[in-house]
Amino acid sequence: MSRYNPKEVEPKWRSRWNEAACFNAQTASDKPNYYVLEMFPYPSGRIHIGHVRNYAMGDVIARYKKASGYNVLHPMGWDAFGMPAENAAMQTDSHPAKWTYANIDAMRDQLKRMGLAIDWTREFATCDPEYYKQQQCLFLDFWRRGFAYRKESYVNWDPVDQTVLANEQVIDGKGWRSDAPVERRKLSQWFLKITDEADDLLAALDDGRLAGWPDNVKLMQRNWIGKSKGLTMKFRFADGTSQHLPPHEFEGGLEVYTTRPDTLFGASFCAVAPDHPLAAHYAHNDPELQAFIAESLKTGVSEEAVEKAEKRGFLLPAQVTHPFEDRRLPVYVANFVLMQYGTGAIFGCPAGDQRDLDFAHKYGLDILPVVLPPDADRATFKIDDEAYVGPGTLYNSGFLDGLSIEDGIAAAITEIEAMGWGEGTTQYRLRDWGVSRQRYWGCPIPAIHCDKCGIVPVPEKDLPVKLPEEADFSVPGNPLDRHPTWKHVDCPACGGKGTRETDTFDTFVDSSWYFARFAAPAPDAPVDKTAADYWLPVDQYIGGIEHAILHLLYARYFTRLMKKCGYLSVDEPFANLFTQGMVVHHTFRDENGDWLLPEDVVVEKGAARRADTGAPVTIGPIEKMSKSKRNVVSPEAIAETYGADAARWFMLSDSPPERDVEWTDAGVDGAWRLVGRIWDTVCPAKGLLKKVDLSRPAADAAEKSMRQATHGAIAGVTDDIENFRFNKAIARIYEFLNVLKKTPDVDDWARAEALASLTQMIAPFTPHLAEECWETLGGNGFVCDAPWPKANAALLARDTLVLGVQVNGKRRAELEVAVDADNETVEKLALSAEGVKRHIDGKTVRKVVVVPGRIVNIVAN
RNA sequence: GCGGACGUGGCGGAAUCGGUAGACGCAACAGACUUAAAAUCUGUCGAGGGUAACCUCGUGGGGGUUCAAGUCCCCCCGUCCGCACCA
């Protein structure tokens with residue numbers, strides 16, 4: 001028996017798969033189709049062990065589905081635009097394209113060495129002009145149909161990266177990548193009208209279209225979209241307080257949005273956001289107000305933590321009238337009102353809203369309770385420091401008195417609508433998607449600015465708008481904007497002088513439709529419709545939970561737009577979603593604060609030092625592996641020593657796939673031992689499949705226990721793979737292997753069945769080893785083409801089973817009984833069992849509970 | 001603050017419907033092989049007590065429902081994630 005040598009075996013099978021084009025998806029096939037896709041990687045330079053885990057999971061599914069008779073599409077590509085390439089260009093004085101393509105070459109090579117069942121013929125990078133040309137086509141289509149527009153707006157400006165960030169890229173007031181405090185700037189930006197689709201994006205979360213998605217992701221998206229129903233109404237300005245207001249902006253009054261119109265009778269003030277036009281109007285001649293506004297805007301974005309709870313306001317000269325009662329309400333500028341949500345103005349009901357209550361306390365405003373809690377006494381119920389937001393009955397509320405909150409809301413809306421002061425409306429937290437980035441390394445937005453014609457689309461015949469090859473990356477800012485020639489072009493409409501749009505797309509645009517391009521590449525269109533209809537939606541999408549909101553929401557939105565434009569027929573891109581956990585590791589920094597690779601650090605007794613110099617090292621928190629913090633573990637050393645199979649096996653062992661795992665070096669040995677054990681088990685059976693005809697019925701009925709183990713394993717492993725329980729599938733394979741080892745004397749037929757099944761079951765996990773075993777056993781063709789074994793139901797049934805017997809809920813004995821034994825027999829046997837007799841001796845048996853096939857419990861005292 | 005998930009041996013984790021807690025792996029320990037080491041193989045491995053058979057305790061803490069609770073209910077503690085002045 002020769003020792004298994006992955007260094008020889010693994011490359012051999014990879015080249016054989018390659019020659020046979022084993023994993024290329026069929027364009028025409030009568031098999032059912034299955035599209036499995038992992039979120040494509042950013043080409044950061046090297047793959048790390050987290051990538052291995054991610055792609056190994058998809059590979060298990062791909063190989064399992066292929067063996068199960070599907071025409072499988074499992075493609076790979078590169079999310080290749082983005083800032084790191086540009087930063088690298090700045091630092092190394094090279095070009096982002098060069099850096100990116102070099103990284104892609106290196107990572108493709110590494111991924112290929114993992115033995116993934118990928119159709120590499122469909123590979124592309126989003127920075128390929130053929131891809132981004134089609135993206136520009138899509139955009140022109142969207143623009144033409146009114147899904148894209150420009151608007152002047154405040155943006156989140158990252159002062160370090162010198163770029164605009166989406167709201168969702170701002171975390172705690174800081175840039176998601178740079179960690180620098182974000183500033184506000186006003187720029188003219190491109191937007192996609194994702195809010196138009198908010199309702200359908202939300203509805204699909206609940207109506208079964210996303211039944212294959214995890215609940216937590218759906219919940220996050222639901223919260224992100226943040227739909228609320230309420231009333232938009234105008235509070236009329238009181239006589240004599242509005243004569244200086246610009247009439248076109250404030251005609252009819254001050255517009256506010258509320259979800260609680262039932263509390264209108266409790267209103268004691270109105271407030272507008274610091275950046276509301278009304279505030280701006282009065283600030284014009286009021287330096288004090290100007291200062292207040294400036295202060296509020298600053299804290300609003302960057303230092304919310306500092307003055308978190310403090311509600312501050314500035315009283316305006318204007319007053320408004322109450323819609324139902326003859327009284328006036330003061331109007332404030334308040335730092336806790338947000339311009340971006342609703343109308344940027346509110347009415348305050350201190351009794352029913354904590355913020356309003358805090359504000360009322362501070363400025364001495366009336367606090368009139370209007371909701372009486374169910375068990376409260378209206379004579380004594382009072383609001384002190386806590387607003388009442390619970391259920392109850394309306395009171396102190398004129399025509400709403402006695403109504404529930406729900407009925408009160410409806411009645412108030414009806415009344416306001418009848419008065420013509422406003423109407424019931426729906427609001428979303430979700431805002432339109434700003435897609436402009438002031439960067440070089442992205443897909444150019446195909447538009448031309450002309451003094452005469454305004455903004456003109458680039459004609460399709462002129463696409464792609466390619467990035468200029470020469471660019472200056474030596475200073476921050478947008479290299480496209482300062483390029484000497486690139487942006488100067490003729491206006492396609494009038495032929496006069498024009499300038500190109502120098503913004504490029506947010507890279508989330510690139511990743512919003514790549515799955516469609518993989519499935520349906522076409523030379524002259526974004527997608528080939530027939531192929532897209534065949535493959536989409538993606539049957540199984542796999543990726544990190546960190547993309548639960550942004551990427552997944554944008555991709556869902558894009559799919560809807562592409563459907564509206566006739567490119568696709570589905571509106572949901574991903575039928576089933578699995579969010580795998582991340583591989584995490586401690587971060588390490590040396591005395592200078594520089595990040596260190598784990599392989600350069602030695603940790604002993606909780607203290608860390610550099611492997612080379614012995615200098616002390618600070619152990620940082622456990623974080624997701626990322627290139628920037630260098631807490632990455634390279635799979636190369638592992639693959640070099642133990643082979644790709646051991647690395648794959650190890651990454652899928654032990655931990656449930658959805659959970660984060662902390663990387664430890666310790667366990668790889670176990671995976672390597674497994675590889676050796678399987679090889680040692682298979683080797684002595686060389687050529688067995690040539691001797692035995694497994695298609696004929698079993699030779700000997702006496703081998704039932706071996707066959708039961710085999711078929712039990714098949715059933716279990718199959719079920720576990722189907723349900724993404726790879727760790728359990730692996731545990732079952734170990735169990736089966738243990739059984740095989742403990743039953744050396746079985747006939748050839750049963751042994752052949754066991755070993756063939758074992759080989760097939762490990763094939764999705766350790767594909768090279770499986771092929772080598774298959775060949776050794778004398779199997780036909782590739783094991784990856786062999787049909788997945790089917791568990792025989794007759795062999796899963798047992799004749800006897802072992803029942804636990806409890807006395808007063810504590811296990812005292814075990815019984816082996818026939819599966820079909822009746823309760824009386826079981827009860828009799830249980831009562832006479834040795835361990836049981838000891839515990840009921842001298843007691844009276846009060847009750848015997850027999851749960852067939854599960855347990856017996858004897859109650860005695 | 002709001003919403004969600006989770007808490008099981010030294011470690012990762014298993015336990016499908018409320019039914020024998022700790023499968024499987026890692027680490028550790030002991031033994032075999034070896035001049036020796038590595039590799040491999042065999043065995044032990046929740047805690048406490050007992051020569052042993054076996055007994056007691058045990059799934060973050062406290063209470064409850066039940067013949068029976070890791071699992072269900074209530075309260076508390078802790079960890080993680082998402083959102084965070086959303087009117």
Side-chain angles (χ1 to χ4, degrees), chain A residues 3 168 172 214-217 219-224 226-228 230-231 256-261 263 271 273 299-300 304-305 308-311 334-338 340-349 352-356 358-359 427-431 545-546 548-549 622 649-650 653-656 658-662 664-674 676-677 680 719 723 725 727-738 741 802-815 834-835 838-839 846-851 853-860:
Chain A
R3 203 175 146 84
E168 43 273 49
D172 290 336
D215 289 339
N216 63 336
V217 173
L219 184 69
M220 278 190 240
Q221 294 217 344
R222 195 173 297 125
N223 292 340
W224 189 261
K227 180 176 181 170
S228 74
L231 167 71
V256 306
Y257 173 72
T258 178
T259 54
R260 293 294 301 277
T263 65
T299 56
E304 64 185 70
K308 201 168 180 172
E310 243 238 304
K311 307 275 176 278
N335 65 346
F336 65 92
V337 180
L338 301 177
Q340 308 93 303
Y341 185 76
T343 61
I346 60 156
F347 78 78
C349 173
D353 183 290
Q354 193 59 45
R355 292 160 303 178
D356 297 347
D358 295 345
F359 193 81
Q427 290 287 339
Y428 299 92
R429 207 192 79 105
L430 183 72
R431 286 164 223 154
I545 186 77
E546 68 272 24
I549 298 170
I622 294 170
W649 181 268
F650 177 51
S653 304
D654 294 347
S655 286
E658 68 277 8
R659 208 172 293 181
D660 286 354
V661 285
E662 189 186 350
T664 56
D665 293 327
V668 205
D669 284 340
W672 171 238
R673 255 195 304 271
L674 177 276
R677 276 178 68 189
D680 292 349
D719 189 51
N723 291 291
R725 294 184 297 240
N727 57 321
K728 284 184 66 185
I730 282 174
R732 283 186 204 274
I733 291 171
Y734 274 112
E735 277 175 334
F736 182 47
L737 203 55
N738 291 340
K741 173 156 262 168
V802 177
L803 279 186
V805 183
Q806 300 179 328
V807 177
N808 293 330
K810 291 202 171 94
R811 186 181 68 99
R812 299 299 181 187
E814 274 182 1
L815 279 185
E834 225 11 79
R838 204 168 37 237
H839 285 91
R846 301 285 175 194
K847 189 173 176 184
V848 179
V849 183
V850 180
V851 185
R854 291 209 174 264
I855 205 158
V856 181
N857 191 14
I858 296 159
V859 187

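Chain letters run A, B, ... following the sequence lines, proteins first and then strands; every chain starts at 1. Computed over heavy atoms, backbone and side chain alike; hydrogens, waters and symmetry mates excluded.
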Between A/G226 and A/V661, whichever has its closest RNA chain B nucleotide further toward 5' is A/V661
Sorted by position of nearest nucleotide on RNA chain B, 5' first, the leading residue of A/K741 and A/G835 is A/K741
Base orientation of B/rG4, chi within 90° of 0 counted as syn, else anti, reads anti
Which is true for A/R846 with a 4.0 Å heavy-atom rule: it touches a base, it touches only sugar-phosphate, or it touches nothing? nothing
Closest to side chain of [X], choosing from [options]:
X	options	answer
A/V859	B/rC55, B/rC83, B/rC67	B/rC67
A/N223	B/rC85, B/rG3, B/rG12	B/rG3
A/M220	B/rC83, B/rG4, B/rG82	B/rG82

Result for side chain to side chain contact (heavy atoms under 4.5 Å, CB included) between A/Q806 and one of A/N857, A/V856, A/V849 points to A/N857
Taking only N and O in the side chain of A/H839, is any of them less than 4.0 Å away from OP1 or OP2 of B/rC54? no
Exercise. Are A/R355 and B/rC86 close enough that a side-chain N or O sits under 4.0 Å from OP1 or OP2?
Worked result: yes
- Nearest-Å distance once atom C1' is located in both B/rC17 and B/rU71: 10 Å
Worksheet item: Distance between the P atoms of B/rG48 and B/rG9, in whole angstroms?
Response: 15 Å
Find the partner of [N]: check Watson-Crick (N1-N3 plus N6-O4 or O6-N4) and G-U wobble (N1-O2, O6-N3) distances, both under 3.5 Å, and reply none if neither fits.
N	answer
B/rU66	none
B/rG46	B/rC57
B/rG7	B/rC77
B/rC83	B/rG1

* If only atom types and distance count, is the side chain of A/N723 paired as donor or acceptor with the main-chain N or O of A/D719 below 3.5 Å? -> yes
| request: Examine distances only and state if a side-chain atom of A/D654 and a backbone atom of A/N727 form a donor-acceptor pair shorter than 3.5 Å. | output: no
### Greater than 12 external heavy atoms within 6.0 Å of A/D669's CG
yes
d(A/D680 CG, A/K741 NZ) to nearest 0.5 Å is 7.5 Å
In 5'-to-3' order, the base (B), backbone-only (S) or no-contact (-) status of each nucleotide in nucleotides 14-31 of chain B, using a 4.0 angstrom heavy-atom cut-off, is SS-B-BB--BSSSS----
